2 protein chains.
Amino acid sequence: MTLPTPLQTWVEGAAGSGFDVDHLPYGVFARSGEHPRVAVRIGDFVLDLSIVAAADMVDTHALYDQPTLNPFMAAGPTVWESTRAWITGLLTDETERDLVEPALSPVDSVRMLMPFTVGDYVDFYASEHHASNVGRIFRPDQEPLLPNWKHLPVGYHGRSGTVVVTGTDVVRPSGQRKAPTEDLPTFGPSRRLDIEAELGFVVGAPSAMGERVATADFARHTFGVVGLNDWSARDIQAWEYVPLGPFLGKSFATSISAWVTPLAALDAAWTDLPGQDPEVLDYLRVEGPAGLDIEVEVLLDGEVVARPPYRTMYWSPAQMLAHTTVNGAGVRTGDLWGSGTVSGAEPGQRGSFLELSWGGTEPFVAGGRERTFLEDGDEVTLRYSAPGTGGGRISLGEVTGRILPAR
Amino acid sequence: MTLPTPLQTWVEGAAGSGFDVDHLPYGVFARSGEHPRVAVRIGDFVLDLSIVAAADMVDTHALYDQPTLNPFMAAGPTVWESTRAWITGLLTDETERDLVEPALSPVDSVRMLMPFTVGDYVDFYASEHHASNVGRIFRPDQEPLLPNWKHLPVGYHGRSGTVVVTGTDVVRPSGQRKAPTEDLPTFGPSRRLDIEAELGFVVGAPSAMGERVATADFARHTFGVVGLNDWSARDIQAWEYVPLGPFLGKSFATSISAWVTPLAALDAAWTDLPGQDPEVLDYLRVEGPAGLDIEVEVLLDGEVVARPPYRTMYWSPAQMLAHTTVNGAGVRTGDLWGSGTVSGAEPGQRGSFLELSWGGTEPFVAGGRERTFLEDGDEVTLRYSAPGTGGGRISLGEVTGRILPAR
């Protein structure tokens, strides 16, 4: 038996780059003085889809001459599929070179913008290791997992208006904080500012109110995947969150990648979930490999401080979508949900500083010194990679942000 | 001393109607075959602002030929003020009659639509009586109010994609429910479906990320007020909400009124808060009357079952907005926040069936029989009234919804 030869692109430098022709993530870019448009990434280039679609007389060309991915995402899976096939053809057929080259620009020469307008933003809590670590840190005398945790993917709504694109600075938030040892809350900058390394999922095709999205219909509604850092102020959160959940401790900023990896690029990344016990209720059942084998890296000022493995997540993205809609809530194009912090079983696999420093009590070393929570000037980058369908690895959208002092 | 004579409108039937010339709420209407447009209500008529503004050559006319109030709301307080003055002139000056009459339609002859596109939806928990009642019902052995409750207005993000306009039916949600006496959760229709009688506040002029909105700047950002029913499935909520707050128990539907009462119409309704002790932190301080004297009525199938007084609310709307932005989160045009259930001190003043039936243990009588939670076919209407600047009362936007059986 011989394996099919992977497709090869004529774009220089793209082969094996993480942005080879088996990836093709979408984004929105602008050059100074021009209006924003939809692009796809190949190697170190952005391909302006609006130009090449108009030149190639593609009937969906109006979907790419847009300041967000929303119209394209709303067009649904048939259009997603035909667009990907068309782009793949352009980039692998040497005879298309004259058509395509005028629409290519070095990625460093353009500015990447927020890729889509967010509808509702929901954040889950789907890593058993993360939820258990948080339970042990905050409630050391109790069972680390709460009774509902293995019956449903716990989630809550976050603030969609403060979802920002990678590269946006994050101002240290201020608010009410009260340490357990203090009698009264005080006002001031957060002293326990943290990251949450997550994966984000973006809805393309909407569902109607009153209609449930079955786990089997996940790919009919989900357009793709982004990197996501759910910045968190642990001290603000700890004081405010009982009984209605996190509010200001999370709402100041959530960063996502500029590139959205379409689900089709993850065909080789599906893997079995680690296992669910007790058995889930019918509406949460999944068939076959429902997890994703995606490696995450957390970098603090360029140094890797953790490598959380997404394949260890307890709940699958299809279960999260089915759960969100089981009560009849509709989803809209641009709805975004985060997986929750990705943490593996090992200390070096934890996706938050809260866990890496065990609540601030066991500092970790980075930059040659002991660290706990985020300091002003810190730059955090999240990187993601997954097996591509071409046999190599693809580099999912990177997310970077730097902490500015409180105002 | 003589009081100024209130302005009088030439529109028949409007005087003393609750929609007199001192009210002038805004909405979006459509007639079959026509595109939606912005209207103001006077008596039992809608005034099509797009027609009259074009005829009167008003330079903001494009703001009214729109399917939502968002462009008008985004224009800011100067435009809100000049628009109100212009409309007041049209409706009180008999010589404008020929200009205005062609743009008037009986309110029953048009269809009212969702008045604005919701950005983020936040729900607060600002009634001390409500929070105390809920605490006593769910945690009978503990202090009814949690330690943070009098230090900050507790709130959380809800689902903006399922905010619907009055008159929209509400399908009974299904989900995971687990009674305290049960070992495992089961799936099925909610057995404890409830209302929450609230007031909603709508953001007009946005604020930038990183910028705080001071309590004194409330009226520069807040466009107006709507009636709001935050439908709640208590059994789904009880099982899911620890530790990250309500999700599916609330996300299936939130109903708002079709009419948005501008803040200027509430000038005579401001009243002192009942009193805040302990003193609040600086960013939450308010000067002068910060509460609203608005009467709420809860009707079940046309019968009044509760009369919650909004003036009893502990936290003011200006404090809710200041709190939302104190961490640097921006607000956008169309952001909506609910006050939380309005409940007064007396049993007949409770704004939820949970409280009216004391957790289902003390049924109340309506329609000649004992009632606890919502039944299929029930129709709930919320009505609101406040003192108007003309000396009478204004009728704020009514909110109605009927329960359909689970699908």
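Small disclaimer: the values here were computed from a predicted structure and weren't measured. The chains referred to below are lettered A, B, ... by the order of the sequence lines, with proteins before strands, and numbering in each begins at 1.
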Contact listing (chain A partner; residues 126-141 of chain B; heavy atom under 4.5 Å): none
Which pairs would a plain distance check flag for residues 163-171 of chain A, meaning a side-chain donor or acceptor within less than 3.5 Å of a matching protein atom at least two apart in sequence or in another chain?
residue  : atom : partner  : partner atom : Å
A:Thr166 : OG1  : A:Thr400 : N            : 2.7
A:Thr168 : OG1  : A:Val165 : O            : 2.6

Residue B:Thr324 versus chain A: region with a heavy atom under 4.5 Å: both
Interchain contact, A:Tyr121 with chain B, by part (heavy-atom threshold 4.5 Å): neither
A:Pro278 portion near chain B, given a 4.5 angstrom heavy-atom threshold: neither
Under 4.5 Å from any heavy atom of chain A - which part of B:Pro206: neither
A:Leu152 versus chain B, the contacting section by heavy-atom distance below 4.5 Å: both
Whether B:His323 and A:Phe247 hold their rings parallel, tilted or perpendicular, with breakpoints at 30° and 60°: tilted
Per-residue contact mode, B:Leu184 against chain A (heavy atom under 4.5 angstrom): side chain
Region of B:Leu248 that comes under 4.5 Å of a non-hydrogen atom in chain A: both
Exam field: side chain B:Glu240 to backbone A:Val154, donor-acceptor pair closer than 3.5 Å: no
Part of A:Asp282 within contact of chain B (heavy atom distance under 4.5 Å): neither
Interatomic distance, B:Arg332 atom CZ to A:Arg159 atom CZ [nearest 0.5 angstrom]: 7.0 Å
Most chain A-contacting option - heavy-atom pairs closer than 4.5 Å, from B:Gly155, B:Gly210, B:Gly119: B:Gly155
Exceeds 12 heavy-atom contacts within 6.0 angstrom, atom CD of A:Glu182: yes
A:Phe252 side chain reached by B:Met209 side chain, heavy atoms, under 4.5 Å: no
Interchain contact, B:Arg212 with chain A, by part (heavy-atom threshold 4.5 Å): side chain
Over all atoms of both residues, closest heavy-atom pair of A:Ala329 and B:Ser251: CB-O, 3.6 Å
Contact summary for A:Leu146 and B:Pro243, nearest pair of heavy atoms: CD1-CD, 3.5 Å
Max heavy-atom pair count under 4.5 Å with chain A, selected residue of B:Gly175, B:Ala406, B:Pro147: B:Pro147
Proximity of B:Tyr283 and A:Phe187 rings by center, below 6.0 Å: yes
A:Tyr156-B:His157 aromatic ring centre distance below 6.0 Å: no
From CZ (A:Phe124) to CG (B:Leu244), nearest 0.5 Å: 10.5 Å
Top of B:Val118, B:Val122, B:Ile236, B:Asp123 for chain A proximity - count of heavy-atom pairs under 4.5 angstrom: B:Val122
Backbone of B:Ser174 reached by a side-chain donor or acceptor of A:Asn327 within 3.5 Å: no
